[in-house]
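Report on one structure; see the data block that follows.
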Amino acid sequence: MKELKLAFRIDQENHKIFIEKEFAAPLDIVWSVWTREKALDKWWAPKPWRAQTKNMNFRENGKWFYAMQGPEGEEHFSKITYEEVLQEQRLVFKDFFCDENEKPLEEFGKSMWTVDFESEGSHTLVEIEIIYESVEEMGKMLNRRFQEGFTTALLQLDEYLRLA
């Protein structure tokens, strides 16, 4: 079985993270698991954590408000606001930590994500660019083990797609 591409690159100077991930599923399926709350809840958080959608309105100017729930019952809230949605092509969204009332937690800053989807026959390539407000903000996320956690989540998505 062919190994699926997974690349994670950090650009300190421009406070950006680039991720490329190939999935063994067609574009329409990969798009759906990035844009539907029930699917996102299955893979977005690295185990033993899990994501739980509080509310979602997937459209331009819509949002996804969710909690990352830990094994001890702890919750950390996040919110995504969708800036651009091009069906099965691109998602652009702002991502930030917040409290249970969706008020941003300023100490963590915000990041802007551009997620591009490209069909490669029976596979799909997803290219992600994450831009942080500063190198310090990016450093805070990396110190919180973002690379390890998000890599784990993407590998969980592989497993979810395989079983779907």
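- Between D158 and K21 there is a salt bridge, with a side-chain nitrogen of the basic residue lying less than 4.0 Å from a carboxylate oxygen of the acidic one.
- The heavy-atom pair separating Y82 from R59 by the smallest distance is CB-O, 3.3 Å.
- Here the side chain of E60 pairs a donor or acceptor atom with the backbone of V85 at under 3.5 angstrom.
- Residues E133 and E137 approach most closely at CB-CG, 4.3 Å, considering heavy atoms.
- For K42, the NZ atom sits in a loose shell: 12 or fewer heavy atoms of surrounding residues, nucleotides or ligands are nearer than 6.0 Å.
- Side-chain contact check for K47 versus Q156: some heavy-atom pair is nearer than 4.5 Å.
- Counting all heavy atoms, side chain and backbone alike, T114 lies closest to R90 at CG2-NE, 3.6 Å.
- Between the side chain of D99 and the backbone N or O of N101 there is at least one donor-acceptor pair closer than 3.5 Å.
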Let me see the working for M56 and I80 under side chain to side chain contact (heavy atoms under 4.5 Å, CB included), right down to the final yes or no.
CA-CA 9 Å; M56 184 177 197; I80 283 174; over 6 Å; no
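- E88 approaches D28 most closely through the heavy-atom pair OE2-CB, 3.3 Å.
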Could you walk me through whether L125 and E127 pass side chain to side chain contact (heavy atoms under 4.5 Å, CB included), step by step?
CA-CA 6 Å; L125 180 64; E127 297 176 316; 3.8 Å; yes
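- Around the CD atom of E107, the shell of radius 6.0 Å holds more than 12 heavy atoms that belong to other residues, nucleotides or ligands.
- For the 3.5 Å distance criterion, the side chains of S32 and W34 fail to qualify, holding no donor opposite an acceptor.
- Here the shortest heavy-atom pairing between Y66 and T53 reads CB-CA, 4.0 Å.
- Placement of V33 and L4 in two distinct hydrophobic clusters is found when ILVMFWY residues are connected by side-chain heavy-atom separations under 4.5 Å, directly or transitively.
- Around NZ of K94, the count of heavy atoms belonging to other residues, nucleotides or ligands within 6.0 Å does not exceed 12.
- Taken from CD1 in I17 to CZ in R9, the straight-line distance is 11.0 Å, to the nearest 0.5 Å.
- Using the six-membered ring where Trp is involved, F93 and W113 have ring planes that are parallel, under 30° apart on the 30 and 60° scheme.
- For F96 and F108, the distance between ring centers is not under 6.0 angstrom.
- For T124 against L27, the heavy-atom pair with the smallest separation is OG1-N, 3.0 Å.
- Two rings, from W44 and W49, have their centers 6.0 Å or more apart.
- Aromatic pair F77/F65: centroids less than 6.0 angstrom apart.
- With F23 as the aromatic partner, R162 does not meet the cation-pi criteria of under 6.0 angstrom to the ring centre and within 45 degrees of the ring axis.
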R50 and E75: CA distance, side-chain angles, deciding distance, salt bridge (Lys or Arg N to Asp or Glu O under 4.0 Å) verdict
CA-CA 10 Å; R50 66 184 198 92; E75 287 188 315; over 6 Å; no
